[in-house]
Amino acid sequence: MNIVLLEPEIPPNTGNVARLCAATKSVLHLIEPFGFKLDDSQLKRAGMDYWQHVEWHRWKNWNEFESAKKIGAAKFWFIESGGGKVYSDAKFLSDDFLIFGRETAGLPKQLLEQHRENWLQIPMFNEKSRSLNLSNCVALVLFEALRQQGFGNEIC
């Protein structure tokens, strides 16, 4: 699986997602601009010693990433509130890209509108709750995608 963080802002979230990618053998794509420096101590602390086990790529902007990755059968899935489909109803393939936006603003509305058919949401039951933590969202959707694929035959 491929995890994409578009303009991440909070170092510990990105570090936690990197740990998750290491544990699941998922590829991490970080798209600039970032709300931190990649040598940030909080980023390193959250990722602990897992960074060496993560395959990750840095992209200057969305256009660079999209033009390099929009090939083959892999789909782009955009996870953001307001989507027309719940993430667990999607049919994920092993090379798909799970795309998450900034912690404070989410994914750009224009991007979501262009990809409405692949716009997924995580249901929330309390209307007073603004959002879930980014790294929690990534974990929820990633593990559903991996479950659909039999966890890559990693479970004995």
Side-chain angles (χ1 to χ4, degrees), residues 1-34 38 43-44 46-103 106-124 131-156:
M1 293 300 303
N2 291 278
I3 303 300
V4 181
L5 300 183
L6 178 59
E7 302 178 6
E9 299 170 311
I10 301 174
N13 284 339
T14 301
N16 287 333
V17 171
R19 266 177 101 164
L20 182 64
C21 287
T24 60
K25 298 180 184 175
S26 299
V27 179
L28 177 60
H29 300 269
L30 301 175
I31 302 176
E32 297 182 44
F34 307 140
L38 286 179
L43 177 70
K44 289 180 181 175
M48 293 178 37
D49 56 350
Y50 290 90
W51 279 102
Q52 66 197 31
H53 303 294
V54 179
E55 178 185 343
W56 67 280
H57 305 274
R58 179 179 187 169
W59 303 92
K60 294 211 180 291
N61 54 51
W62 172 258
N63 291 336
E64 180 186 67
F65 166 76
E66 185 180 36
S67 59
K69 294 299 172 186
K70 203 164 191 176
I71 51 175
K75 284 187 180 177
F76 286 2
W77 295 102
F78 299 84
I79 296 82
E80 181 66 60
S81 60
K85 189 184 324 186
V86 175
Y87 75 95
S88 55
D89 291 337
K91 302 297 180 221
F92 298 106
L93 301 174
S94 62
D95 291 332
D96 283 356
F97 294 82
L98 307 178
I99 303 165
F100 300 84
R102 296 188 337 231
E103 289 92 333
L107 290 166
K109 292 297 179 208
Q110 180 182 6
L111 194 58
L112 293 169
E113 290 297 332
Q114 290 171 350
H115 301 278
R116 184 165 281 286
E117 69 282 357
N118 290 350
W119 178 359
L120 307 175
Q121 66 167 302
I122 298 170
M124 291 179 36
S131 63
L132 297 171
N133 175 274
L134 175 65
S135 58
N136 291 339
C137 292
V138 174
L140 280 168
V141 180
L142 175 60
F143 271 90
E144 171 59 19
L146 294 172
R147 183 197 65 78
Q148 288 183 15
Q149 298 163 50
F151 294 107
N153 300 315
E154 293 290 335
I155 296 177
C156 300

J.: Would you say the side-chain atoms of Trp119 pair up with the backbone N or O of Gly84, donor to acceptor, closer than 3.5 Å?
T.: no
J.: May I have the step-by-step check of side chain to side chain contact (heavy atoms under 4.5 Å, CB included) for Val141 and Trp77, ending in yes or no?
T.: CA-CA 10 Å; Val141 180; Trp77 295 102; over 6 Å; no
J.: In terms of relative ring orientation, are Phe143 and Phe151 parallel, tilted or perpendicular, with 30° and 60° separating the classes?
T.: tilted
J.: Can you tell me how far apart OG (Ser81) and CG (Leu120) are? Round to the nearest 0.5 Å.
T.: 12.0 Å
J.: Among Glu64, His29, Glu66, which residue meets the side chain to side chain donor-acceptor pair (under 3.5 Å) test with Trp59?
T.: His29
J.: Rounded to the nearest 0.5 Å, how far apart are CZ of Phe97 and CG of Asn118?
T.: 13.0 Å
J.: Checking the side chain of Asn16 only, and the main-chain atoms of Asn13 only, is there a donor and an acceptor separated by less than 3.5 Å?
T.: no
J.: Fit a plane to each ring of Phe78 and Trp62, take the angle between them on a 0 to 90° scale, and name the class: parallel (under 30°), tilted (30 to 60°) or perpendicular (over 60°).
T.: tilted
J.: Step by step, would you call Leu30 with Thr14 a side chain to side chain contact (heavy atoms under 4.5 Å, CB included)?
T.: CA-CA 9 Å; Leu30 301 175; Thr14 301; 3.9 Å; yes
J.: When you measure from the side chain of Glu144 to the backbone N and O of Phe92, does any donor-acceptor pair fall under 3.5 Å?
T.: no
J.: What is the distance from atom CD1 of Ile79 to atom CG of Leu107, rounded to the nearest 0.5 Å?
T.: 8.0 Å
J.: So, for Gly101 and Leu134, which heavy atoms are closest and what is the spacing to 0.1 Å?
T.: O-CD1, 4.0 Å
J.: Applying side chain to side chain contact (heavy atoms under 4.5 Å, CB included) to Cys137 and Phe100, what does each step give before you reach the verdict?
T.: CA-CA 8 Å; Cys137 292; Phe100 300 84; 4.1 Å; yes
J.: What distance separates Gln148 CD from Leu93 CG, expressed to the nearest 0.5 Å?
T.: 9.0 Å
J.: Measuring from atom CD of Glu80 to atom CD1 of Ile99, what distance do you get when rounded to the nearest 0.5 angstrom?
T.: 12.0 Å
J.: Which pair of heavy atoms, one from Leu28 and one from Cys21, lies closest together, and at what distance?
T.: CB-SG, 3.9 Å
J.: Counting only heavy atoms not in Gln52, do more than 12 sit closer than 6.0 Å to its CD atom?
T.: yes
J.: Mind listing the closest non-hydrogen atom pair of Arg58 and Glu32 along with its distance?
T.: NE-OE2, 2.7 Å
J.: Quick check against the 3.5 Å criterion: does Asn2 have a side-chain atom that pairs as donor or acceptor with the backbone of Asp95?
T.: yes
J.: Output yes when a side-chain donor or acceptor of Glu103 lies under 3.5 Å from a complementary backbone atom of Glu9, and no otherwise.
T.: yes
J.: Where do Pro8 and Leu5 come nearest, in terms of heavy atoms and distance?
T.: CD-O, 3.5 Å
J.: Residues two or more places apart in sequence or in another chain: which of them pass salt bridge (Lys or Arg N to Asp or Glu O under 4.0 Å) with Glu117?
T.: none
J.: With Ser26, which of Val17, Leu98, Ile3, Val54 fulfils side chain to side chain contact (heavy atoms under 4.5 Å, CB included)?
T.: Ile3
J.: Measure the NZ-CD distance between Lys85 and Gln121 for me, rounded to the nearest 0.5 Å.
T.: 11.5 Å
J.: Locate the shortest heavy-atom distance separating Leu6 from Pro108; write the atom from each residue and the value.
T.: CD2-CD, 3.7 Å
J.: Which word best sums up how the rings of Phe76 and His115 line up, parallel for under 30°, tilted for 30 to 60°, or perpendicular for over 60°?
T.: tilted
